[in-house]
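Okay, structure first, notes after.
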Amino acid sequence: MKLLRSIATSFVVLVTFTGTSLLSDASAGAVTLAAPAATSVTAPLDVTRDRFANNEESLGMSPDGRLLAGSWNDWEFNDGCGFSYSADGGVSWAPETFVPGLTQFTNDPDVPGTGSFEIAGDPAVAYNPKFGTFDVVCQAFNGSPPFAIQLMATTFDPAKASRNADVNFSYGTAVGGAPAWSTPAAVTSGHSNGTQKGSNGQFPDHETIAVDTGRGPGHHFGRLFVTWAEFNGSGRSPINLAYSDDNGRTWTGPIQVSDSGHQFDQDARPSIAPDGTVYVTWVNGPNETSLKNNVVMAAMSTDGGNTWSPSFTAAPIVAPTPGQLPNSQYRVFTDAWSTVDQASGKLVVGYTDEKSGAANVYAVHNLHPGDLSSWSAPVRVKASANQQFFPWLSSAPGGRVDLVFYDRACDSADTRNCVTLASTSDSGQTWGITPLTSRGFDGDQFQACLAFVEPPDCGSFFLGDYIAVASTDSAAQVLWTGNGPHAMDVFSQRVSF
């Protein structure tokens, strides 16, 4: 979740890889990791190069890897969801703008926005092949009474966009973004007391999205799914879902995914199997603050998201990550994200656990497609004595699964953050490692300040809560937060296979 309105390290270019082999966690068995060999890694490209902080990236990519769209928390005057796109596979990106129609502001104090909210964030982006557009969902809310909040959906059409448009036009012809953008529509609405957890209203949080790209039996081609945790006045946060068959204009839902016995949830992640089954995973605990008896959970739907199976435990989280990253001033917590291996049909889940000492990323998969009752033993993706955090997964059509995360193995002092891509071709049983950066950045160098209303040393340290990866058979595209010349910027890299 984005903080309320009230972040220049250089990187070494990595050029060629022929694959990396590591030994997995001994507790999971001594298994040599066989990498899907990366043939090249591009240098980190600063997409935003901004005066103000950008973090919490999401990324959509067309099936051929040519069209990309990214969104992130944007701490400029619009205080909304920043946005850019690429029409050349990430070689270059259009100048940063923002998702229109959400906040009352543009990036110019003298130019009003076309939205009604004070703040927007937590963006989610996916490419929709049925319409040839990018679906974008953002959380928009107010920091003042009555603390209204909505999940807002809109679409971006790169064929109708001008990368040279005025920054306040969002690649359109005027403020509001038309014709490149559709008018935002509400997925779900609520209100709160202005806090994330323990709110006295309905507070949808950490939404993520997926599009059904399949055309065969069991599929709903072009259906857009949105999942989120619904915090409410009862101190509970069940996982909800809504879906749209008309590119986000109208919605069916909310539909509750988590069953009545599992109500303290976060980090809902939808994905679609080759047979059209919809899966959702999340982190569950006995209450909103407990670090004991936490688990990764999963449920599935075989009717396009309308009804859901019981909630199954995919893996125990033996030692959940507490609120603040060691040797840092910004928060982290145990994440669990997932995707479906498009070759095997198995659900692959990556999550963080401190059971080995430092937080490391572990992976599990269900043993049989369509069955959530039995799971593999956890495999440590890259054994390390240093911190790892913010895993995100995506799957290529041919069966490779990619997992990106921050990785402090590059720094013996365990203070600076590098970025690592792990890839598997056997549903997460073995992993190959591709370092994306070799010189880490200091996540405390810049603060997440809105300079128009806060001093540059506002004291808000916030790296965000996630980064992003999208996959084709030939490449993995990654967006992550790092240090630019003036603030935390969004960086892009492409790994070829």
Side-chain angles (χ1 to χ4, degrees), residues 11-24 31-47 57 59-66 68 70 86 88-93 337 339 341-344 348 350 360-363 365 379-384 386 388 390-410 417-441 467-482 490-497:
F11 296 91
V12 175
V13 178
L14 307 172
V15 287
T16 303
F17 293 86
T18 58
T20 304
S21 292
L22 293 175
L23 292 181
S24 71
V31 178
T32 300
L33 305 191
T39 59
S40 65
V41 182
T42 63
L45 174 65
D46 192 336
V47 174
E57 295 82 8
L59 177 65
M61 182 163 61
S62 62
D64 61 4
R66 182 178 62 88
L68 306 170
S86 171
D88 56 15
V91 175
S92 63
W93 291 76
W337 299 109
T339 191
D341 182 327
Q342 295 299 302
S344 71
V348 183
N360 276 195
V361 178
Y362 290 79
H365 61 271
V379 170
R380 188 151 52 147
V381 172
K382 179 190 176 186
S384 176
N386 290 11
Q388 302 168 0
F390 295 170
W392 195 275
L393 293 93
S394 65
S395 54
R400 192 188 74 254
V401 170
D402 296 314
L403 188 162
V404 67
F405 57 96
Y406 287 120
D407 182 3
R408 286 185 163 180
C410 63
N417 308 315
C418 282
V419 185
T420 294
L421 181 77
S423 302
T424 177
S425 293
D426 56 13
S427 302
Q429 193 61 39
T430 59
W431 294 85
I433 304 300
T434 303
L436 301 188
T437 60
S438 59
R439 182 179 177 184
F441 69 93
I467 52 180
V469 60
S471 305
T472 66
D473 283 339
S474 61
Q477 188 76 37
V478 179
L479 290 182
W480 48 272
T481 296
V490 174
F491 288 84
S492 169
Q493 286 182 268
R494 190 177 187 91
V495 180
S496 297
F497 291 90

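None of these values were measured; they are calculated from a predicted model.
Closest approach of S492 and V47 over heavy atoms only: CB-CG2, 3.6 Å. Residue G399 comes nearest to A343 through the heavy atom pair CA-CB, 3.7 Å, listed as atom of the first residue, atom of the second, then distance. Across C418 and S438, no two heavy atoms sit closer than the pair SG-C, 3.8 Å. Considering all non-hydrogen atoms of both residues, V348 and G428 come closest at CG1-CA, 4.4 Å. Heavy-atom minimum distance, A422 versus F405: CB-CE2, 4.2 Å. For the residue pair P36 and G432, the shortest heavy atom distance occurs at CD-N, 4.4 Å.
Test L436, V361, V381, D407 against T420 for side chain to side chain contact (heavy atoms under 4.5 Å, CB included) and you get one pass: D407.
A donor-acceptor contact shorter than 3.5 Å is absent between the side chain of Y406 and the backbone of I467. Between the side chain of H365 and the main chain of S427, a donor-acceptor pair closer than 3.5 Å is present. With hydrogens and angles disregarded, a donor-acceptor distance shorter than 3.5 Å links the side chain of N360 to the backbone of S384. Counting only distance, with no hydrogens or angles, the side chain of T39 and the backbone of S496 share a donor-acceptor pair below 3.5 Å. At least one donor-acceptor pair closer than 3.5 Å links the side chain of W337 to the backbone N or O of P391. Between the side chain of Q477 and the backbone N or O of G90, no donor-acceptor pair lies under 3.5 Å.
The structure places CZ of F497 at 5.5 Å from OG1 of T434, a figure rounded to the nearest 0.5 Å. Here the CZ atom belonging to R494 is positioned 6.5 Å from the CG atom belonging to L68, to the nearest 0.5 angstrom. Within the model, atoms OG1 of T481 and CZ of F441 stand 7.0 Å from one another, a figure rounded to the nearest 0.5 Å. S86 contributes atom OG, which lies 10.0 Å from atom CG of L59 (distance to the nearest 0.5 angstrom). A distance of 5.0 Å separates CG in L479 from CH2 in W93, rounded to the nearest 0.5 Å.
The list of salt bridge (Lys or Arg N to Asp or Glu O under 4.0 Å) pairs with a residue in residues 390-400, not counting sequence neighbours, reads R400-D402.
A donor atom on one side chain and an acceptor atom on the other are not found under 3.5 Å apart for T424 and Q429.
For D64, the salt bridge (Lys or Arg N to Asp or Glu O under 4.0 Å) partners at least two apart in sequence or on another chain are R66.
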Practice problem: Run the numbers on L403 and W431 for side-chain contact (heavy atoms from CB on, under 4.5 Å), then give the verdict. | Solution: CA-CA 9 Å; L403 188 162; W431 294 85; 3.8 Å; yes
